[in-house]
Structure formats: structure tokens, C-alpha cells
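Down below is the structure, laid out as C-alpha cells.
Everything numeric here is computed off the predicted structure, so don't read it as measured data.
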Amino acid sequence: MENNIVWHQHPVTRHEREKVNGHGSAVLWLTGLSGSGKSSLAGALEQALHQRGIHTYLLDGDNVRHGLCQDLGFADRDRRENIRRVGEVAGLMMDAGLLVITAFISPYRQDREDVALRLPAGHFIEVFVDTPIAVCEQRDPKGLYKKARAGEIKQFTGVDLPYEAPLKPDVHLNGTLPIAQLVEQLILMLQSRKIIAV
């Protein structure tokens, strides 16, 4: 980084934005295999929080590749850059006082740890949506496993690329449970951390 680039501290802080919003800010990072239920859970959670008057934003893997990350492919280097960019955007949104929900496979532990290190302590909440690959393949909402098994898609996480599950996630969810039950678990967690009111 250039030596003449200096972070400019603005007069309105994250704490003041949180106060105006009436709740805390954080990044809920949902990670898990394709088909684990991350996107469905993220959407249902955002809807439930919105109904409670919580200021949120949902960053989804496919959506960011239509714009912010449209220049990236699926090689390891591009995957890491994809997560880095999303982490930076999520951090800015969190600083704006939002409760940010992300839904990304984000298969590598180091990439997730790097995002966490860029955020204030306690504001990165790693949520592992733990769904057996057999269940993910059975669901296969986009038909990606079928294509990967047929050799039509190369470098597919869980088939020819590894997925490094979190060793100590902040929240470990059983992805085979009903979405409504998982949403309730996450809301209770946010309340227990005093990010949102009971």
C-alpha cells in the first residue's frame, strides 16, 4: 500500500449509527457446502429481522458475481479474491450500522479468518450450516452436483475441491433442520449477544 494513503476518521462513528438504528451491527458469515441451505436460511433470517425493524443487508454469492466480482473466475486465486472483496464490503456495511448477512461457500478457513481479522473483535460471527454432502446432493437446487459428477463443472467444492469446515464456529447449525428452527436459533444468539433486543 502507498505510504501516502492514510485512513480518514469520520466524525460520525459506528456506535452513533448503531444508536440511531436501535441495534448493534455485525457480520453473520454463513458458510457451508453448496446446497447446505445457506442462501435459503440467509433470506429467511433477513426477512425475520426486517419484520423486527432491524436494518440489514444480505450479500449472496451468486449476486456479487453479477457486479462486484464479475471479473473473477473459480480458480483458487479468484475464489480468495472474491471472499476478500466481500469481506471488505461487509465490513463497510457493518461500519454503517447494519446487520450484514453473507451466504458464501467460502471453503477455506484462512480466507474466513482473514475477513474476521479485518473487523472489530466480536463483530464477525461465523455460522457453519453443517449439512452432509449426501443431503446437499439430494437437494442440488441448481443441478451443480449432477454437472460436477458428470465432469461438466471442474473445481467444484465438495467434489474435486475440499471444503474446510470451521473448527470452532460461533454458531454450529444442523442444516437438515427446518429453516424456521434455524432462524430462531440465530435470533436467540443475536439477542444473547445483545446485538438485537429481546
Checking side-chain contact (heavy atoms from CB on, under 4.5 Å) for the pair Val27/Val115: CA distance, chi angles, key distance, verdict?
-> CA-CA 10 Å; Val27 174; Val115 172; 5.6 Å; no

Any chance you could lay out the side-chain contact (heavy atoms from CB on, under 4.5 Å) test for Met93 and Val89, step after step, and finish with the verdict?
-> CA-CA 6 Å; Met93 290 181 161; Val89 170; 4.2 Å; yes

Report the C-alpha separation of Arg14 and Met94 in whole Å, then their side-chain angles, then the decisive distance to 0.1 Å, and conclude whether the side-chain contact (heavy atoms from CB on, under 4.5 Å) test is met.
-> CA-CA 8 Å; Arg14 171 175 52 82; Met94 188 272 306; 3.5 Å; yes

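Looking only at side-chain heavy atoms (C-beta outward), Arg109 and Leu167 come within less than 4.5 Å of each other. In this structure, Leu49 and Leu190 have side chains that are in contact, with non-hydrogen atoms separated by less than 4.5 Å. Between Ile105 and Lys38 the shortest side-chain heavy-atom distance falls below 4.5 Å. Looking at heavy atoms from C-beta onward, Leu177 lies in side-chain contact with Gln185 at the 4.5 angstrom threshold. Here the side chains of Ser106 and Asp111 are not in contact, with every heavy-atom distance at 4.5 Å or above. Taking the side chain as every heavy atom from C-beta outward, Pro11 and Glu16 never approach each other to under 4.5 Å. Counting only heavy atoms from C-beta outward, the side chains of Leu30 and Ile101 approach each other to under 4.5 Å. No side-chain heavy atom of Asp114 sits less than 4.5 Å from a side-chain heavy atom of Ile83.
Across Gly37 and Ile179, no two heavy atoms sit closer than the pair O-CD1, 4.3 Å. The shortest non-hydrogen separation linking Cys136 to Leu33 is SG-CB, 4.0 Å. Listed here is the closest heavy atom pair of Pro162 and Thr157: O-CG2, 3.6 Å. Counting all heavy atoms, side chain and backbone alike, Gly91 lies closest to Leu119 at CA-CD2, 3.4 Å. For Ser36 against Val129, the heavy-atom pair with the smallest separation is O-CG1, 3.4 Å. Of all non-hydrogen atoms in Ala103 and Ala42, the two that sit nearest each other are CB-CB, 4.1 Å.
Within 6.0 Å of NE2 on His172 lie more than 12 heavy atoms contributed by other residues, nucleotides or ligands. Surrounding CZ of Arg149 are more than 12 heavy atoms belonging to other residues, nucleotides or ligands, all under 6.0 Å away. Open room surrounds CD on Gln138; 12 or fewer heavy atoms of other groups in view lie less than 6.0 Å from it.
Put simply, CG on Leu173 and CG on Asp130 are 9.0 Å apart, with the number rounded to the nearest 0.5 Å. Separating the CD atom in Glu126 from the CH2 atom in Trp29 is a distance of 10.0 Å, to the nearest 0.5 Å. Distance check: Thr176 OG1 to Gln181 CD gives 9.0 Å after rounding to the nearest 0.5 Å. Note that the NZ atom of Lys147 and the NZ atom of Lys142 stand 11.0 Å from one another [nearest 0.5 Å]. For the atom pair OG1 (Thr56) and NE2 (His23), the distance works out to 8.0 Å, reported to the nearest 0.5 Å. Summarising the geometry, atom CG belonging to Leu99 is positioned 10.0 Å from atom CD belonging to Glu18; distances are rounded to the nearest 0.5 Å.
One hydrophobic cluster, built from ILVMFWY side chains closer than 4.5 Å, cannot hold both Phe104 and Leu144; they sit in different ones. In the hydrophobic clustering of ILVMFWY residues, with side-chain heavy atoms under 4.5 Å counting as a link, Ile187 and Val171 come out together. Using a 4.5 Å cut-off between side-chain heavy atoms of Ile, Leu, Val, Met, Phe, Trp and Tyr, with links allowed through other members, Ile125 and Ile196 fall into the same hydrophobic cluster. Under the 4.5 Å side-chain heavy-atom criterion for grouping Ile, Leu, Val, Met, Phe, Trp and Tyr, Val135 is not connected to Tyr163 through any hydrophobic cluster. Tracing side-chain contacts under 4.5 Å through hydrophobic residues (I, L, V, M, F, W, Y), one never reaches Leu59 starting from Leu186; they form parts of separate clusters.
With respect to the salt-bridge test (charged N to carboxylate O, under 4.0 angstrom), the residues Glu81 and Arg77 do not qualify. In summary, Asp170 and Arg193 engage in a salt bridge, as defined by a charged side-chain N under 4.0 Å from a carboxylate O.
Aromatic ring orientation, Phe156 versus Tyr145: perpendicular (interplanar angle above 60°, classes split at 30° and 60°).
Proximity of a side-chain donor or acceptor of Arg17 to a complementary backbone N or O of Val12 within less than 3.5 Å is detected. Using modelled atom types, one side-chain atom of His123 and one backbone atom of Ser25 make a donor-acceptor pair closer than 3.5 Å. Of the possible donor and acceptor atoms, one in the side chain of Asp160 sits under 3.5 Å from a partner among the backbone N and O of Gln155. Using modelled atom types, one side-chain atom of Asp140 and one backbone atom of Lys146 make a donor-acceptor pair closer than 3.5 Å.
Between the side chains of Asp60 and Ser39, at least one donor N or O lies within less than 3.5 Å of an accepting N or O.
Test Leu45, Thr102, Val100 against Leu28 for side-chain contact (heavy atoms from CB on, under 4.5 Å) and you get one pass: Leu45.
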